[in-house]
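Structure first, then comments.
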Amino acid sequence: MSGFEPKILAFLCNWCSYSGADLAGVSRLKMPPNVRPIRVMCSGRVDPAFVLKAFASGADGVLIGGCHPGDCHYAEGNYKALRRALFLQRMLELQGVDPRRLRIEWISASEADRYAGVVADMTEIVRALGPLNLDRWEKVRIRKR
């Protein structure tokens with residue numbers, strides 16, 4: 001696996017985590033370039049199908065970033081995201097996928113250092129796990145809505 005660089009997709013809350021990622025970037029904090037951010041209005045809007053589609057499309061890891069509990073701009077969206085992430089981790093584990101490939105984190109707009117640390121940590125974990133081999137899932141198709 002020498003030379004393997006993981007592809008990590010990050011669904012980031014517009015109000016907190018995405019702003020934290022932006023602040024990390026403009027502050028020029030050192031981060032691995034493995035994470036591709038996608039801005040969503042709320043972490044609670046991340047449908048489980050989005051996560052499964054990310055893995056099916058070649059992502060080696062998925063990060064969901066949201067507001068701290070109690071600070072969600074949509075009242076309880078982050079609690080909804082947490083329930084879904086825990087469900088997805090159990091489902092992935094039952095399918096033989098290490099649940100550490102899916103991570104949920106609470107990162108506020110002012111926590112650029114935290115975002116950079118989470119990205120670095122997740123990249124190292126997924127790099128150690130190696131590429132996600134979905135050859136045996138090839139016949140399973142994720143239905144489009």
Side-chain angles (χ1 to χ4, degrees), residues 1 4-134 137-138 140-145:
M1 278 186 271
F4 167 67
E5 283 299 322
K7 295 177 207 145
I8 300 171
L9 194 63
F11 295 101
L12 304 175
C13 161
N14 178 62
W15 305 104
C16 288
S17 299
Y18 190 84
S19 297
D22 186 48
L23 181 59
V26 297
S27 300
R28 297 183 185 261
L29 298 180
K30 187 175 179 179
M31 298 179 283
N34 302 72
V35 175
R36 307 299 191 276
I38 295 178
R39 180 174 21 189
V40 293
M41 290 310 290
C42 177
S43 58
R45 298 286 300 176
V46 178
D47 191 294
F50 298 169
V51 175
L52 297 176
K53 179 73 171 176
F55 284 125
S57 298
D60 297 303
V62 175
L63 170 66
I64 300 171
C67 302
H68 287 275
D71 289 339
C72 180
H73 285 67
Y74 298 100
E76 297 181 4
N78 47 10
Y79 294 113
K80 186 181 204 179
L82 178 60
R83 286 191 304 271
R84 286 177 173 175
L86 294 173
F87 166 76
L88 282 165
Q89 284 176 328
R90 283 188 301 239
M91 191 177 84
L92 290 169
E93 191 171 26
L94 289 171
Q95 295 297 319
V97 176
D98 193 306
R100 293 177 293 171
R101 291 184 183 274
L102 173 62
R103 185 167 175 173
I104 186 163
E105 290 287 340
W106 314 126
I107 303 166
S108 75
S110 63
E111 294 180 315
D113 291 330
R114 178 162 166 69
Y115 176 80
V118 166
V119 166
D121 184 52
M122 185 164 186
T123 300
E124 287 306 311
I125 289 170
V126 175
R127 186 179 288 132
L129 291 172
L132 180 59
N133 185 358
L134 294 180
W137 287 9
E138 204 168 285
V140 177
R141 302 237 189 257
I142 299 174
R143 292 190 291 168
K144 295 182 181 177
R145 291 183 176 218

Rounded to the nearest 0.5 Å, how far apart are [atom1] of [X] and [atom2] of [Y]?
X: C42; Y: W15; atom1: SG; atom2: CH2; value: 10.5 Å
X: N78; Y: I104; atom1: CG; atom2: CD1; value: 8.0 Å
X: D98; Y: Q89; atom1: CG; atom2: CD; value: 9.5 Å
X: R39; Y: D22; atom1: CZ; atom2: CG; value: 8.5 Å
X: N14; Y: S19; atom1: CG; atom2: OG; value: 6.0 Å
X: Y18; Y: C13; atom1: OH; atom2: SG; value: 12.0 Å

For [X] versus [Y], what's the shortest heavy-atom pair and its separation?
X: A21; Y: L12; answer: CB-CD1, 3.9 Å
X: C72; Y: G77; answer: SG-N, 3.4 Å
X: A81; Y: S43; answer: CB-O, 3.3 Å
X: V62; Y: A54; answer: CG2-CB, 3.8 Å
X: N34; Y: R127; answer: OD1-NH2, 4.1 Å
X: L132; Y: A59; answer: CD2-O, 3.6 Å

Check whether any side-chain heavy atom of [X] sits under 4.5 Å from a side-chain heavy atom of [Y], and report yes or no.
X: R84; Y: I64; answer: no
X: Y74; Y: M41; answer: yes
X: R101; Y: V126; answer: yes
X: F55; Y: V97; answer: no
X: M31; Y: Y115; answer: yes
X: R90; Y: F87; answer: yes
X: V35; Y: M122; answer: no
X: H68; Y: E111; answer: yes

Inset, instruction - Check the surroundings of atom CZ in R114: do more than 12 heavy atoms from other residues, nucleotides or ligands lie under 6.0 Å from it? - result: yes
Legend entry - Atom CD of E76: over 12 foreign heavy atoms under 6.0 Å: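 Counting neighbours around CD of E76, 12 or fewer heavy atoms of other residues, nucleotides or ligands fall under 6.0 Å, so no.
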Legend entry - Heavy-atom donor-acceptor pair, S17 side chain to G66 backbone, under 3.5 Å: yes
Legend entry - Side-chain (D60) to main-chain (K7) donor-acceptor, under 3.5 angstrom: yes
Legend entry - Residue from L86, L63, L88 passing side-chain contact (heavy atoms from CB on, under 4.5 Å) with L102: L88
